[in-house]
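Every number for a ligand or one of its atoms is a count from 1 in the order of the listing. On a predicted model such as this, the values are computed, not experimentally measured, just so you know.
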Amino acid sequence: MKRKLATIAVRGGLNSDEQYGCVVPPIHLSSTYNFADFNQPRAHDYSRRGNPTRDIAQAALAELEGGSRAVLTSSGMSAIHLVCTVLLKPGDLLVAPHDCYGGSYRLFDSLSRRGAYRVLFIDQGDEKALAEAMAQNPKLVLIESPSNPLLRVVDIEKICQAAHQAGALTVVDNTFLSPILQQPISLGADIVIHSCTKYLNGHSDVVAGVVITKDDELGVEMAWWANNIGVTAAAFDSYLLLRGLRTLAPRMRQQQINADAVVAYLQQQPQVKKLYHPSLPDNQGHEIACKQQSGFGAMLSFELAGDEQTMRRFLAALDLFTLAESLGGVESLISHAATMTHAGMVEEARKAAGISDSLLRISVGIEDSEDLIADLEQAFRASA
Ligand SMILES: *Cc1c(COP(=O)(O)O)cnc(C)c1O
């Protein structure tokens with residue numbers, strides 16, 4: 001019987017130590033490995049290329065996403081950059097969402113200006129725009145669903161089909177949901193990437209990324225290039241990530257329960273002008289979310305009524321929502337898209353993507369939801 005995701009997440013690498021019988025695999029910090037004899041390298045020779053601790057974390061991640069291979073990298077950005085480096089040559093076209101992660105937008109924009117490849121940003125929920133983009137013979141299509149920060153959901157299966165018909169490979173940034181709530185490879189994706197910095201590690205103390213491929217050969221190529229350009233993840237980060245991964249399923253479960261409570265509270269709060277969460281029937285792509293996700297996730301955003309002063313008062317009054325970038329940790333965070341996560345996007349692009357200056361994004365943690373709601377309540381009162 002195929003094991004369930006929560007089991008895979010907990011059991012990664014347990015009891016693999018043959019020297020001492022450690023239940024939890026030890027961390028291997030050595031940068032280099034001795035040769036058994038002249039011209040007889042062992043399985044590992046140098047930790048940039050391969051490291052036993054990283055190997056275990058990679059195997060667990062590949063299994064969780066239903067892929068054949070995973071390559072752990074130094075950050076989510078280096079994971080995205082690795083995929084583009086392997087698959088795109090000068091002149092090749094990348095199709096990306098117009099409302100993709102701000103760092104991804106900046107990477108594609110800056111590198112396309114230098115001629116590394118071409119990029120076309122489109123609204124992938126717009127069928128006409130998608131068909132027009134596919135007619136331009138892209139090499140790679142990046143999908144991000146739900147999107148950041150408006151939680152728009154696009155049909156992964158449909159976009160993958162269109163991309164494959166056009167001869168392109170597809171890569172899904174699955175950071176916002178984790179494999180517990182969405183399995184892009186089963187929806188037709190060729191590659192899944194994550195910022196492991198977020199839900200996968202879950203404790204806001206590691207920066208790392210991962211590239212998971214469906215195809216074994218492509219995975220070998222990703223690993224070769226990751227070593228070549230030197231973006232593989234450190235042993236210590238791999239160790240912490242593996243530790244965080246063990247609680248991924250219960251963390252996601254609690255974060256979603258808390259997010260649902262916060263959404264229900266914000267829905268009846270008059271100072272909330274607009275609320276975004278895939279669970280809401282009027283959220284763009286709600287029906288698709290019901291079909292392709294196994295939960296609505298714990299990220300939400302909302303527009304706060306009032307001016308910048310109202311916003312400043314609201315943020316200053318909050319105690320349990322730390323004003324900080326990033327997401328997916330056990331602690332609740334709040335961020336302001338225009339000046340923080342999406343500051344790398346020029347104003348017109350932000351406006352075109354529907355990101356207003358009053359938009360706040362919340363990553364709901366695993367604190368008690370009653371405390372979270374009480375904190376929001378007093379901050380709304382203090383800001384009014
Ligand atoms: C954070 C994030 C990234 C970038 O990952 P880093 O680990 O910060 O480099 C990419 N995509 C999404 C959706 C993210 O949230």
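Remark: the Ser279 side chain and the His277 side chain contain an N/O donor-acceptor pair separated by less than 3.5 Å. Counted by atom type alone, Asn174 and Glu65 present one or more donor-acceptor pairs between their side chains at under 3.5 Å.
Take Leu29 and apply the side-chain contact (heavy atoms from CB on, under 4.5 Å) test, not counting sequence neighbours, and it matches Ile27, Ala235, Phe236.
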Nitrogen or oxygen contacts under 3.5 Å, ligand 1 side and protein side:
residue	atom	partner	partner atom	Å
ligand 1	5 (O)	Ser195	OG	3.0
ligand 1	7 (O)	Gly76	N	2.9
ligand 1	7 (O)	Ser195	OG	2.8
ligand 1	7 (O)	Thr197	OG1	2.7
ligand 1	9 (O)	Gly76	N	3.0
ligand 1	9 (O)	Met77	N	2.9
ligand 1	11 (N)	Asp173	OD2	2.7
ligand 1	15 (O)	Lys198	NZ	2.8

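The pair Glu63-Arg3 does not meet the salt-bridge criterion, since no charged nitrogen lies less than 4.0 angstrom from a carboxylate oxygen.
Val346 belongs to no hydrophobic cluster, as no Ile, Leu, Val, Met, Phe, Trp or Tyr side chain comes under 4.5 Å of its own. Applying the under-4.5 Å side-chain rule to Ile, Leu, Val, Met, Phe, Trp and Tyr, the cluster around Leu120 extends to Leu93, Val95, Ile122, Leu130, Met134, Val141, Ile143, Val154, Ile156, Ile159, Val172, Leu187.
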